[in-house]
Amino acid sequence: MAVCARLCGVGPARGCRRRGAAREQRRGGAGDSEPDTDTDPEEAGGGGGGGDEEEEEEAAAERIEGGRPASHPAEAGPAGRAPLSLLELPPELLVQIFGSLPGTDLPSLARVCTTFRRILRTDTIWRRRCREEYGVCENLRKLEITGVSCRDVYAKRINPRVKSGRFMKILPDYEHMEYRDVYTCLLHRYRHILGLWQPDIGPYGGLLNVVVDGLFIIGWMYLPPHDPHVDDPMRFKPLFRIHLMERKCATVECMYGHKGPHNGHIQIVKKDEFSTKCNQTDHHRMSGGRQEEFRTWLREEWGRTLEDIFHEHMQELILMKFIYTSQYDNCLTYRRIYLPPSSPDDLIKPGLFKGTYGSHGLEIVMLSFHGKKAKGTKITGDPNIPAGQQTVEIDLAHPLQLPDVENLRDFSELSRIVLEVQEQVRREEQEQEHRQEEEEAASQPAAKPLGGEGAEGEETAAGAEGTTQDKAPASQPFVLPMGVISRNEDYPRTCRICFYGTGLIAGHGFTSPERTPGVFVLFDDDRFGFIWLELKSFSLYSRIKVSFQNAEAPSREAFDEMLKNIQSLAT
């Protein structure tokens with residue numbers, strides 16, 4: 001405490017020295033120890049003050065000193081001199097200074113003296129922290145005019161027939177709420193769950209985005225558009241929300257089901273993992289029983305009825321997904337995922353894409369770049385290839401020169417070109433393995449030139465790759481070969497460049513997984529495709545154009561570790 005006082009220039013103040021000496025006497029002379037900086041912001045502004053004796057002493061000192069510590073007589077200078085401590089600054093200036101500090105630093109500041117604690121009760125400080133750290137822009141005093149960001153959620157989930165004039169009656173009482181409470185009891189307390197998460201729903205996975213939405217923290221589940229409209233925007237629905245129903249008391253509500261918000265619970269299991277639990281699962285049931293629940297789920301998930309789906313195998317997959325996912329309406333575990341880091345050398349900007357997967361419908365894939373490789377990792381999955389697995393891998397060192405449009409219509413011609421590149425890749429991999437074995441066997445420095453030659457060969461290949469890309473036309477005609485099935489016939493008819501790649505296929509239950517050759521087709525910055533030669537199928541991918549917050553990886557290593565974790569869990 002004494003260290004903090006000296007840094008703030010409060011040491012010469014008579015009241016602060018007297019209170020500091022009293023605290024040191026009570027603590028057994030430990031007043032010169034460093035202050036505890038790992039404190040909760042709720043302690044600032046009176047949320048976590050000392051005992052009654054200390055409060056009475058501070059109040060008495062404040063009365064004696066007229067609400068402001070007097071300067072030491074020996075240091076009193078002429079009028080107009082520069083202030084020697086923060087306490088000599090006007091209160092409104094201190095509010096500006098304190099408001100620019102991180103909210104986690106304010107509790108330590110509140111422990112310096114009574115004046116600082118009193119100033120930190122100014123709600124303007126906490127409103128600024130809420131806005132700058134968490135993006136809260138609503139005015140607590142004008143909600144009846146501006147409403148809140150999740151107003152539609154309230155109106156639809158509580159009573160669809162409620163009119164806007166009665167809307168504020170179903171909202172909590174924000175008239176007497178303070179930004180200090182919003183910051184300390186809501187935003188700071190649940191800050192660890194903000195960002196992107198993947199729910200543990202067996203092979204199906206998912207994408208959850210937890211954000212600060214107005215004066216709420218809401219978990220939005222992002223769903224792909226209805227099959228096969230891959231270019232349509234994402235759909236989303238709320239799974240849970242957290243807000244302050246009463247002062248200093250955050251309430252967790254489950255939003256699943258069709259009967260409105262109800263009691264829920266959130267538990268942070270460990271770092272980068274949390275779980276949600278519903279305490280009133282009867283709100284998830286519908287009066288018509290499971291059949292009505294299935295029909296409602298089918299309209300939301302696929303945008304159609306079961307009678308509209310004529311393919312028997314597709315009907316089985318849909319029914320299987322409903323039965324499996326409905327088991328997780330009580331409790332769910334989420335694991336954090338990061339957006340892939342980008343580099344100026346990347347072919348396109350990495351990120352999240354929605355793609356077609358035959359009878360399985362649309363799924364979410366994360367495209368990331370790793371040197372001369374690009375990987376597509378499933379965020380949502382299916383019983384064949386579960387979420388977390390690497391669905392496609394693109395070899396950026398081996399571009400493909402497609403034939404003209406007429407010859408491209410011949411599937412055998414495209415297959416011949418791809419298989420020739422596949423054989424070339426196998427030879428290069430065998431040579432690389434042989435080279436590595438020789439380097440490991442060699443114990444003399446003379447073996448180093450061999451590695452140098454290998455590196456030079458790689459540089460030459462990279463240079464050849466760059467030359468190939470430079471010479472490639474800005475766009476070239478593209479058409480799917482005859483016999484290749486596509487869920488979406490509205491694919492682009494021109495492309496920039498193509499590369500050799502492999503796609504992962506497996507039987508039901510991820511049995512007998514195998515990587516098979518294919519063609520990666522780059523159409524533009526936001527769309528690409530993949531031709532699965534063995535399946536004679538084409539997948540079209542379109543970028544998810546959503547600005548996700550709190551989703552950046554702290555480092556490249558952290559992102560790679562995250563990919564390994566979700567893949568190991570899927571396996």
Return the set of residues passing side-chain contact (heavy atoms from CB on, under 4.5 Å) with H283 (not counting sequence neighbours), or none when no residue passes. K259, H262, Q280

Are there over 12 heavy-atom neighbours, none belonging to K349, within less than 6.0 Å of that residue's NZ? no

Is any side-chain N of the basic residue among D560 and K564 closer than 4.0 Å to the acidic one's carboxylate O? no

Hits for side-chain hydrogen bond (donor to acceptor under 3.5 Å, both in side chains) against R285, two or more places apart or cross-chain, chain-then-number order -> E293, D329

So do P492 and F478 actually touch side chain to side chain, heavy atoms under 4.5 Å? no

Start with the C-alpha gap between R241 and E253, add the side-chain angles, then the distance that decides, and say whether salt bridge (Lys or Arg N to Asp or Glu O under 4.0 Å) holds. CA-CA 5 Å; R241 69 182 181 192; E253 292 179 324; 2.6 Å; yes

Y328: which residues meet the ring pair (Phe, Tyr, Trp, His ring centres under 6.0 Å) condition with it, sequence neighbours left out? Y324

Are R235 and E300 close enough for a salt bridge, meaning some N to O gap below 4.0 Å? no

Those residues that, when tested against Y338, pass ring pair (Phe, Tyr, Trp, His ring centres under 6.0 Å) (two or more places apart): none

Hey, is R336 close enough to E273 for a salt bridge, meaning N to O under 4.0 Å? no

Would the Y491 and F523 ring centres measure less than 6.0 Å apart? no

Exercise: do N384 and H360 side chains pair donor with acceptor under 3.5 Å: yes

Ring pair (Phe, Tyr, Trp, His ring centres under 6.0 Å) against Y190, all qualifying residues, sequence neighbours excluded: none

Give me the one residue out of E363, Q198, Q567 that meets side-chain hydrogen bond (donor to acceptor under 3.5 Å, both in side chains) with K378. E363

Aromatic ring pairing W297/F322, orientation class (parallel under 30°, perpendicular over 60°, tilted between): tilted

Contacts of type side-chain contact (heavy atoms from CB on, under 4.5 Å), residue E406, not counting sequence neighbours: D404, R409

Between R426 (side chain) and E423 (backbone), is there a donor-acceptor pair under 3.5 Å? no

Output yes when K372 and D395 qualify as a salt bridge under the 4.0 Å nitrogen-oxygen rule, no when they do not. no

Applying side-chain hydrogen bond (donor to acceptor under 3.5 Å, both in side chains), can you list everything that pairs with Y357, at least two apart in sequence or on another chain? T391, Y541

Taken in chain and number order and not counting sequence neighbours, the residues that satisfy side-chain hydrogen bond (donor to acceptor under 3.5 Å, both in side chains) with S412 are D410

Report all side-chain donor-acceptor pairs from residues 525-535 shorter than 3.5 Å, counting only partners two or more places apart or in another chain.
residue: D525; atom: OD1; partner: R496; partner atom: NH1; Å: 2.8
residue: D525; atom: OD1; partner: R496; partner atom: NH2; Å: 3.2
residue: D526; atom: OD1; partner: R543; partner atom: NE; Å: 2.8
residue: R527; atom: NE; partner: D524; partner atom: OD2; Å: 3.1
residue: R527; atom: NH2; partner: D524; partner atom: OD2; Å: 3.0
residue: W532; atom: NE1; partner: S539; partner atom: OG; Å: 3.1

Show the numbers, then the answer: is there a salt bridge (Lys or Arg N to Asp or Glu O under 4.0 Å) between D272 and R335? CA-CA 6 Å; D272 296 334; R335 296 179 178 88; over 6 Å; no

Residue list, side-chain contact (heavy atoms from CB on, under 4.5 Å) with E420, at least two apart or on another chain: R416

Between V546 and Y222, is any pair of side-chain heavy atoms under 4.5 Å apart? yes

Any residue meeting side-chain contact (heavy atoms from CB on, under 4.5 Å) with I485, in chain and number order, not counting sequence neighbours: none

Output side-chain donor-acceptor pairs under 3.5 Å for residues 201-210, partner residues at least two apart or in another chain, one line each.
none

